[in-house]
K.L.:
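After the structure tokens below, expect a handful of questions from me.
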Amino acid sequence: MNEETERREGQNFIEAIIEKHNKTNKYDGKVQTRFPPEPNGYLHIGHAKSININFGFAKQYGGKCNLRFDDTNPSKEEVEYVKSIKEDVKWLGFDWEDRLYFASDYFEQFHQYAIDLIKKGLAYVDDLTPEQIREFRGTLTTPGKESPNRGRSIEDNLELFEKMKGGEFANGEKTLRAKIDMTSPNMNMRDPVLYRILHESHHRTGDKWCIYPMYDWAHGLEDSIEGITHSICTLEFEDHRPLYDWFLDNLGIHHPQQIEFARLNMTYTIMSKRKLLKLVEGKHVSGWDDPRMPTISGMRRRGFPPEAIREFSSHIGVSKSNSTVDIEYLEFFVREQLNRQAPRIMAVLNPLKIIITNYPEDKEEILESQINPEKPELGLRKIPFSRELYIEQEDFMEEPMKKFYRMAPGRELRFRNAYFITCNEVIKDDNGGIKELHCTYDPETKGGNAPDGRKSKATLHWVSAKHAVRSTVRLYKNLFTTLNPDDTEEGQDFTINLNPDSLKVLEDTYAESGAKEIDPGTVCQFERLGYFCVDIKDSSADNLVFNRVVTLRDTWAKIKKKMR
RNA sequence: UGGGGUGUAGCCAAGUGGAAAGGCAGUGGGUUUUGGUCCCGCCAUUCGAGGGUUCGAGUCCUUCCACCCCAGCCA
């Protein structure tokens with residue numbers, strides 16, 4: 001086996017490349033990466049994968065990762081996006097320290113490099129219209145034709161380029177193009193445009209420029225200027241690599257290695273910024289940070305911990321195969337993290353009233369329970385108990401089905417942290433609906449244990465009616481009903497697959513009194529139900545609003561489903 | 001019918017000629033004051049398909065098939 005390409009098990013292909021470079025000293029053992037978003041939208045979970053890869057490899061190999069805004073197109077980019085991107089990267093737990101860069105900071109250098117290329121006879125000013133350029137480019141199977149302007153003298157090109165820069169031409173009137181090969185089977189090599197004229201002001205450079213560099217021209221230069229060693233991007237740029245290399249080789253400047261990996265796709269999720277924008281503008285969601293959005297800000301608001309997103313990102317791996325990760329895999333990491341960190345409380349989403357007929361009307365007790373059984377060191381919380389309680393409607397069946405071992409007439413079972421309680425009577429309303437349950441408690445079982453060793457088949461959560469905090473709970477489901485929202489009939493668009501039930505709001509819910517103390521943005525576990533996050537925008541002291549992050553794993557739901 | 005990529009379990013993904021890692025999902029059991037957590041067991045005689053080389057092939061050669069990307073003055 002070749003020493004230099006030897007691979008460690010469990011290693012991904014990028015690590016193999018980096019370690020090979022380190023061994024051969026291609027970059028003096030250095031690793032310098034960058035995360036290069038265009039500020040034209042909010043970051044989403046797919047970007048999180050890229051962020052994790054770029055910052056992760058830098059850290060893993062003792063290098064650094066820059067945050068660089070690739071702001072070469074003034075017509076699409078906005079400061080609002082710059083702000084949100086910085087916030088999101090930071091929240092995810094990554095630090096670019098003092099290395100915050102903008103492509104627009106390099107415009108002057110790009111311009112110089114363009115002049116170098118012209119002087120080398122490798123770039124020319126073209127007068128062709130956009131339509132003509134397209135015609136001359138040829139097709140996938142037929143070669144292109146050279147522009148009649150391709151043979152202009154270096155002097156003419158220099159002069160015309162200067163005039164382009166000076167604003168003497170209208171938008172689209174001229175371009176600067178590289179002189180490569182109009183017959184290349186790689187379309188990117190058919191004299192790509194380096195500069196276009198855009199009389200528009202830029203969010204950072206204002207009206208200083210009216211010519212703006214194209215991605216292919218700018219990106220390698222940005223990487224080169226910053227001393228990037230490994231320029232990691234997504235698969236669709238694979239056939240841009242020859243061009244990336246061409247520019248850097250012909251300029252004779254520092255030449256990073258471009259490496260392409262497969263972007264993240266997830267089931268029931270749309271990942272294109274353009275489409276996410278459409279959801280926002282079409283008011284299908286409340287904004288970029290709607291908790292149903294796959295954006296970082298949406299997930300943050302939903303209550304996904306950054307640790308979970310990082311763990312997810314590193315567990316999905318890095319490869320070149322186009323894959324779609326099951327959204328449940330993300331939820332697994334969310335649960336795993338939240339189980340560790342979330343304080344527990346009890347809350348009832350669909351209340352059913354219980355009256356403990358043998359419990360004195362005016363009596364109240366303060367019971368105790370662990371804040372988080374995974375972290376006993378956190379201690380106990382206090383929970384009030386009284387004669388009237390609420391339990392979950394789902395936890396009672398008048399005629400219990402097989403394997404249902406929650407509450408039913410005549411049954412005794414444990415109310416969590418409280419008492420063994422027996423259901424004696426079902427009180428109905430005029431329509432025959434269940435109004436309330438009359439029960440009795442066993443005072444000997446305080447805390448939830450029977451001194452005689454009696455067992456309970458189930459343990460229910462409950463809330464004291466008089467102490468409970470009435471709150472709003474928002475239940476979220478997948479935003480789309482289809483595995484791949486882009487799968488649509490001819491003439492339809494992905495919004496047809498929007499899930500009408502992706503948001504359900506419950507106004508009549510009751511949480512343990514301690515819920516009032518929970519800070520916005522904090523996630524707690526509603527025992528037996530799931531994880532809920534106090535909404536950072538809409539929650540207030542007099543109206544608590546919870547977002548459901550994810551449910552708990554629900555074995556009972558599976559059993560029910562199987563029996564049907 | 002040009003060029004560039006990718007095919008290993010339901011979903012991710014290691015494996016780079018010498019006994020098919022791991023995670024998720026699923027499934028069976030144990031513990032449990034959350035039908036949660038945790039713990040243990042099971043879950044690919046086969047790697048897109050065929051042919052070839054080899055003592056030996058997921059790995060090498062070859063033919064074929066499927067899927068993704070490219071014809072912006074977007075990134």
Side-chain angles (χ1 to χ4, degrees), chain A residues 1-2 5-12 16 36-38 40 70 72-73 75-76 126 128-130 133-135 137-144 171-177 184-190 192-198 212 214-216 218-219 233-242 260 262 267 273-274 315-333 335-336 339-340 344 346 369-370 373-374 403-406 414-418 447-449 455-461 525-530 551-559:
Chain A
M1 180 189 284
N2 184 340
T5 57
E6 188 181 337
R7 285 236 246 151
R8 197 182 74 222
E9 196 155 306
Q11 185 185 45
N12 64 55
E38 183 190 12
N40 68 342
D70 206 356
T72 57
N73 186 348
S75 54
K76 290 179 159 185
D126 200 358
L128 256 35
T129 64
I133 287 185
R134 197 188 322 121
E135 285 162 26
R137 187 154 32 223
T139 70
L140 295 177
T141 49
T142 61
N171 288 357
E173 205 177 323
K174 297 228 179 320
T175 54
L176 182 72
R177 294 230 255 165
S184 172
N186 181 344
M187 301 294 286
N188 296 301
M189 302 301 270
R190 320 241 264 228
V193 173
L194 268 48
Y195 276 98
R196 74 287 216 181
I197 297 170
L198 247 29
Y212 289 94
M214 298 288 290
Y215 168 86
D216 284 310
H219 205 86
C233 61
T234 44
L235 250 31
E236 66 269 29
F237 293 105
E238 206 148 20
D239 49 13
H240 292 236
R241 192 170 66 229
E260 311 84 11
T267 54
K273 277 199 260 184
R274 207 197 88 239
H315 278 83
I316 51 178
V318 185
S319 76
K320 299 186 71 135
S321 54
N322 236 317
S323 58
T324 303
V325 177
D326 195 326
I327 195 162
E328 286 193 23
Y329 201 34
L330 209 210
E331 291 174 355
F332 165 80
F333 290 103
R335 287 194 184 97
E336 187 185 52
N339 177 51
R340 273 186 227 135
R344 314 266 127 140
M346 291 193 285
S369 181
Q370 284 186 304
E374 307 293 321
K403 290 196 176 170
F404 179 88
Y405 45 81
R406 275 114 96 144
R414 173 166 47 229
F415 277 37
R416 188 155 162 81
N417 310 306
N449 282 309
K455 298 288 180 214
S456 172
K457 201 87 160 100
T459 300
L460 302 190
H461 64 278
Q525 183 194 100
F526 288 1
E527 292 191 271
R528 301 212 305 134
L529 295 176
T551 60
L552 252 31
R553 256 186 86 224
D554 191 350
T555 307
W556 168 235
K558 264 179 233 161
I559 296 169

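From a predicted model like this one, the values you see are computed outputs, not experimental measurements. In what follows, chains are A, B, ... by sequence order, proteins preceding strands, each numbered from 1.
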K.L.:
Based on the glycosidic angle (syn within 90° of 0, else anti), state the conformation of B:G72.
P.N.:
syn
K.L.:
What pairs with A:Arg553 under side-chain contact (heavy atoms from CB on, under 4.5 Å), at least two apart in sequence or on another chain?
P.N.:
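For A:Arg553 the side-chain contact (heavy atoms from CB on, under 4.5 Å) partners, ignoring immediate neighbours, are A:Lys558.
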K.L.:
Show the distances under 3.5 angstrom between N or O atoms of the protein and N or O atoms of nucleotides 18-24 of chain B.
P.N.:
| unit_1 | atom_1 | unit_2 | atom_2 | d |
| --- | --- | --- | --- | --- |
| B:G23 | O2' | A:Tyr329 | OH | 3.1 |

K.L.:
Under 4.0 Å, heavy atoms only, any strand: does A:Ile133 hit a base, just the sugar-phosphate, or nothing?
P.N.:
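Base contact - A:Ile133 has a heavy atom under 4.0 Å of at least one base atom.
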K.L.:
Just to confirm, is there a sub-4.0 Å distance from OP1 or OP2 of B:G4 to any side-chain nitrogen or oxygen of A:Lys320?
P.N.:
no
K.L.:
Only counting residues at least two apart or in another chain, list the ones meeting side-chain contact (heavy atoms from CB on, under 4.5 Å) with A:Pro242.
P.N.:
A:Asn186, A:Met189
K.L.:
Can you list everything that forms a side-chain contact (heavy atoms from CB on, under 4.5 Å) with A:Lys320? Sequence neighbours excluded, please.
P.N.:
A:Phe13, A:Leu235, A:Glu238, A:Glu260
K.L.:
Output all residues satisfying side-chain hydrogen bond (donor to acceptor under 3.5 Å, both in side chains) with A:Asp326, sequence neighbours left out; order by chain, then residue number.
P.N.:
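A:Asp326 satisfies side-chain hydrogen bond (donor to acceptor under 3.5 Å, both in side chains) with no residue once adjacent residues are dropped.
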K.L.:
Tell me, please, which residues at least two apart from A:Arg416 pass side-chain hydrogen bond (donor to acceptor under 3.5 Å, both in side chains).
P.N.:
A:Glu527
K.L.:
Which residues satisfy the side-chain hydrogen bond (donor to acceptor under 3.5 Å, both in side chains) test with A:Thr459, sequence neighbours excluded?
P.N.:
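For A:Thr459 the side-chain hydrogen bond (donor to acceptor under 3.5 Å, both in side chains) partners, ignoring immediate neighbours, are A:Arg414.
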K.L.:
Just N and O in the side chain of A:Ser321: are any of them under 4.0 Å from OP1 or OP2 of B:C12?
P.N.:
no
K.L.:
With 3.5 Å as the limit, what N/O pairs link the protein to nucleotides 34-40 of chain B?
P.N.:
| unit_1 | atom_1 | unit_2 | atom_2 | d |
| --- | --- | --- | --- | --- |
| B:U34 | O2 | A:Gln525 | OE1 | 3.0 |
| B:U34 | O2 | A:Arg528 | N | 2.7 |
| B:U34 | N3 | A:Gln525 | OE1 | 2.6 |
| B:U34 | O4 | A:Arg344 | NH1 | 2.5 |
| B:G35 | OP1 | A:Arg528 | NE | 3.4 |
| B:G35 | OP1 | A:Arg528 | NH1 | 2.6 |
| B:G35 | O3' | A:Thr555 | OG1 | 3.4 |
| B:G35 | O2' | A:Thr555 | N | 3.4 |
| B:G35 | O2' | A:Trp556 | N | 3.3 |
| B:G35 | N7 | A:Arg406 | NH1 | 2.3 |
| B:G35 | O6 | A:Tyr405 | N | 3.2 |
| B:G35 | N1 | A:Lys403 | O | 2.9 |
| B:G35 | N2 | A:Tyr405 | OH | 3.2 |
| B:G35 | N3 | A:Tyr405 | OH | 2.8 |
| B:G36 | OP1 | A:Thr555 | OG1 | 2.4 |
| B:G36 | N2 | A:Glu374 | OE2 | 3.0 |
| B:U37 | OP2 | A:Arg553 | NH1 | 3.0 |
| B:U37 | O2' | A:Asn339 | ND2 | 3.0 |
| B:U37 | O2' | A:Glu374 | OE1 | 3.4 |
| B:U37 | O2' | A:Glu374 | OE2 | 3.1 |

K.L.:
Aromatic rings A:Phe332 and A:Tyr329: how do their planes relate, parallel, tilted or perpendicular, breaks at 30° and 60°?
P.N.:
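Because their plane-to-plane angle is under 30°, the rings of A:Phe332 and A:Tyr329 count as parallel.
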K.L.:
Applying side-chain hydrogen bond (donor to acceptor under 3.5 Å, both in side chains), can you list everything that pairs with A:Thr129, at least two apart in sequence or on another chain?
P.N.:
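side-chain hydrogen bond (donor to acceptor under 3.5 Å, both in side chains) check on A:Thr129 returns A:Glu131, A:Gln132.
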K.L.:
Would you please confirm or rule out a distance under 4.0 Å between OP1 or OP2 of B:A75 and any side-chain N or O of A:Arg274?
P.N.:
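So the side-chain polar atoms of A:Arg274 never come under 4.0 Å of the phosphate oxygens OP1 or OP2 of B:A75.
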K.L.:
Dump every N/O contact between nucleotides 1-3 of chain B and the protein below 3.5 Å, one line per pair.
P.N.:
| unit_1 | atom_1 | unit_2 | atom_2 | d |
| --- | --- | --- | --- | --- |
| B:G2 | N9 | A:Leu140 | O | 3.3 |
| B:G2 | N2 | A:Pro185 | O | 3.4 |
| B:G2 | N3 | A:Leu140 | O | 3.1 |
| B:G3 | N2 | A:Asp239 | OD2 | 2.9 |

K.L.:
Which string of ( ) [ ] | and . matches RNA chain B, if you list each base 5' to 3' and count Watson-Crick or G-U pairs only when both distances are under 3.5 Å?
P.N.:
.(((((((.[[[..)..(...]]].(((((.......))))).....[[[[[..)....]]]]])))))).....
K.L.:
For A:Thr234, what residues pass the side-chain contact (heavy atoms from CB on, under 4.5 Å) criterion, not counting sequence neighbours?
P.N.:
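A:Thr234 satisfies side-chain contact (heavy atoms from CB on, under 4.5 Å) with A:Glu236, A:Phe237, A:Phe261, A:Arg263 once adjacent residues are dropped.
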